[in-house]
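Quick caveat: nothing in here was measured; it's all calculated off a predicted structure.
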Amino acid sequence: MIRNYRDQEYLNKVGKRIVNIRKGKNITQEKLAELCDLEVRTIGRIERAETNVTISIIKAIGIALKVSASEILDFD
């Protein structure tokens, strides 16, 4: 069951932004999960906006993708 969060539209944008950056760097979900010390299913849930991601995880993803957290959140 997919849960709708209060900021679901924002979470969708964050997830899509992560996918775009990750794919632009030719990094698989598996590799990103390894670099972030997260489970692959967690990366998938973040990218599909099925979870409300924490700022700590955004930071870890940014480090792994070699971008700033603000770049991940810059989709407007």
Contacts under 3.5 angstrom, residues 35-43 side chains, donor-acceptor by atom type, not counting sequence neighbours:
residue, atom, partner, partner atom, Å
Glu39, OE1, Arg41, NE, 2.6
Glu39, OE1, Arg41, NH2, 3.1

List the atom pairs, with distances to 0.1 Å, where a side-chain N or O of residues 57-74 and a protein N or O form a donor-acceptor pair under 3.5 Å, not counting sequence neighbours.
residue, atom, partner, partner atom, Å
Ser68, OG, Ser70, OG, 2.9
Ser68, OG, Glu71, N, 3.1

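Sorted by first and then second residue, the side-chain hydrogen bond (donor to acceptor under 3.5 Å, both in side chains) pairs involving residues 15-25 (not counting sequence neighbours) are Arg22-Glu47. For residues 17-36, the set of pairs meeting the ring-ring contact (aromatic ring centres under 6.0 Å, His included) definition, not counting sequence neighbours, is empty. Sorted by first and then second residue, the ring-ring contact (aromatic ring centres under 6.0 Å, His included) pairs with a member in residues 7-34 read Tyr10-Phe75; sequence neighbours excluded.
Residues that satisfy the salt bridge (Lys or Arg N to Asp or Glu O under 4.0 Å) test with Glu30, not counting sequence neighbours, are absent from this structure.
Distance alone, capped at 3.5 Å, places no donor-acceptor pair between the Arg45 side chain and the Thr51 backbone.
Under a hydrophobic-cluster definition in which Ile, Leu, Val, Met, Phe, Trp and Tyr are linked whenever side-chain heavy atoms come within less than 4.5 Å, directly or via other members, Ile46 and Ile21 are assigned to the same cluster.
One finds the CG atom of Asp7 at 7.0 Å from the CG atom of Asn52 (value rounded to the nearest 0.5 Å).
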